[in-house]
Amino acid sequence: MLEWHERIEAERQQPGARVFVSDYNGGHPFVEEYLGELADTAPHRLADVTRYSGLDEDTTLRSKIAAMHERYDGVPYTLWNVVPGGGSSSLLGTFTTWLALTGRRRVHYVPPVYYKLAYLFQRMGIEPVPIAHRHAFEPDFDLRLPDERTVLVLTDPVWYAGRRVPREVWQTIGAWQRATGSLVFVDGTFQYMPWDGEPAEASARLPVEQTLRMICPTKYLSIHGYRCAHLLAPQHLREELAELHVNLHGDVAVSDRLFAHRAADLMLGKGNGALLQHIRANHTALSASGALTAQLPIEAGFFLFARTRVPHQRFLALDAKFFELDGYRGYIRINLLNTPGVEALMATATPPTERSDGISG
């Protein structure tokens, strides 16, 4: 998987590369609205830029984040459960470093894991052991939880397909956690982007003192130029993880701290409903265009997994092998917020124009 990602990244950076329909970025009309005063006011007019901008010592931010999760999930998180950071990647680095420092050389996981986590496991000598052949949303999902105390890693939603991990899977994992004392790490980068309007996340029902959940407000708002994310951690691990994180990565830019507050305020207030409606409208237009011959039902986020009418090799795209996935021949990940990619796909369904001489062209 890592080798395939390295190959596509190398081609993506070449001039004149094929249109990348599986792109990581994507624009939308709500950026200025979501940014508020950050859209047109320099950060130095909003905060003291002569000082380090410490996220973890910002107890107001941590309290906002805890309140937001209590509101969405009905779980009484406090600021002593929150480890804020400058983006998901830095928190993944902290988590894998913590695993290595605490002597863990083997973890279990439900496929797929994000390629960056796979990279960190490889570099730090941590063996990831799959406990299923299929993915959690597939009807023949074959979960085989180990009869031992361990660390289990899984992603929810399964981002490339926009599919949530089913509630019954969470119930099974929660019962197993209580029986074995195992720790579960949930990569919830695309959580709180549900298409059905139900924002509560089922992973919040796992035992709080045995669960780490990673949340990413930059994905929630699809504004990736600012960096913020946070861990919801057991209270007994919070200080250890927060200390490790700040020593690995340092403090964030003041602009990122201001954005973290803005994102928390939005999550506590109006939310991202307009963005989700925009994503759904793009999905409707693409589906109606005839550019796709099949697709998986989508429940969350802005990625669709679908089969294109034309050979997908015409585009730069991530197919099943990028996600530890068997089958689904011809399916690729499509970023519904990537306007050039969506338009390129829709163009493949446009009938040829009739030239004046009667020859199609």
Side-chain angles (χ1 to χ4, degrees), residues 34-38 46-47 52-95 98 156-157 184-194 199-224 226-246 248-273 275 300:
Y34 287 165
L35 286 179
E37 58 187 349
L38 284 171
L46 301 173
Y52 283 101
S53 185
L55 280 184
D56 195 61
E57 64 190 46
D58 190 338
T59 55
T60 300
L61 174 63
R62 285 165 48 200
S63 295
K64 280 183 186 179
I65 292 169
M68 180 275 291
H69 283 288
E70 183 168 8
R71 174 182 168 181
Y72 277 64
D73 299 317
V75 176
Y77 292 109
T78 74
L79 76 164
W80 302 110
N81 294 112
V82 178
V83 181
S88 321
S89 295
S90 63
L91 289 171
L92 290 175
T94 296
F95 171 62
W98 176 77
D156 177 58
V184 172
F185 180 92
V186 181
D187 179 351
T189 298
F190 284 89
Q191 288 191 344
Y192 305 103
M193 300 188 74
E201 294 292 345
S203 60
R205 298 300 168 187
L206 296 178
V208 172
E209 288 302 302
Q210 294 171 242
T211 304
L212 291 163
R213 295 175 59 208
M214 185 176 72
I215 311 300
C216 187
T218 58
K219 287 291 192 297
Y220 173 89
L221 298 173
S222 191
I223 298 178
H224 308 124
Y226 288 94
R227 305 298 297 154
C228 77
H230 56 268
L231 284 179
L232 295 171
Q235 287 195 25
H236 70 278
L237 293 178
R238 201 215 79 86
E239 291 298 324
E240 181 181 356
L241 289 167
E243 180 184 29
L244 178 60
H245 187 77
V246 74
L248 281 172
H249 306 289
D251 289 326
V252 300
V254 68
S255 55
D256 287 337
R257 181 171 64 83
L258 292 168
F259 178 77
H261 273 277
R262 177 68 181 172
D265 290 338
L266 282 166
M267 294 182 85
L268 278 166
K270 66 189 299 182
N272 64 352
L275 174 62

Spacing of [X] atom [atom1] and [Y] atom [atom2] [to the nearest 0.5 Å]:
| X | Y | atom1 | atom2 | result |
| --- | --- | --- | --- | --- |
| His261 | Cys228 | NE2 | SG | 10.5 Å |
| Phe190 | Asp156 | CZ | CG | 12.0 Å |
| Tyr226 | Thr218 | OH | OG1 | 12.5 Å |
| Ser90 | Leu248 | OG | CG | 9.5 Å |
| Asp265 | Leu61 | CG | CG | 9.0 Å |
| Gln191 | His69 | CD | NE2 | 8.5 Å |

Residues pairing under side-chain hydrogen bond (donor to acceptor under 3.5 Å, both in side chains) where one sits in residues 77-87, two or more places apart or in two chains, turn out to be Tyr77-Arg213

Restricting to pairs with a member in residues 232-242, which pass side-chain hydrogen bond (donor to acceptor under 3.5 Å, both in side chains), not counting sequence neighbours?
Asp56-Arg238, Trp98-Glu240, Glu209-His236

Any heavy-atom pair between the side chains of [Y] and [X] that's under 4.5 Å?
| X | Y | result |
| --- | --- | --- |
| Thr94 | His249 | yes |
| Leu212 | Val184 | no |
| Ser203 | Thr211 | no |
| Val186 | Leu206 | yes |

Determine all donor-acceptor pairs shorter than 3.5 Å in which one atom belongs to a side chain in residues 250-258; sequence neighbours excluded.
from   : atom 1 : to     : atom 2 : distance (Å)
Asp256 : OD1    : Arg227 : N      : 3.0
Arg257 : NE     : Ser53  : OG     : 2.8

Validation row, ring centre Phe95 to ring centre His245 under 6.0 Å
no

Arg62 and side chain to side chain contact (heavy atoms under 4.5 Å, CB included): which single residue from Leu79, Val83, Leu55 fits?
Leu79

Kindly indicate, with the supporting measurements, whether the criterion side chain to side chain contact (heavy atoms under 4.5 Å, CB included) is fulfilled by Arg205 and Val75.
CA-CA 8 Å; Arg205 298 300 168 187; Val75 176; 4.1 Å; yes

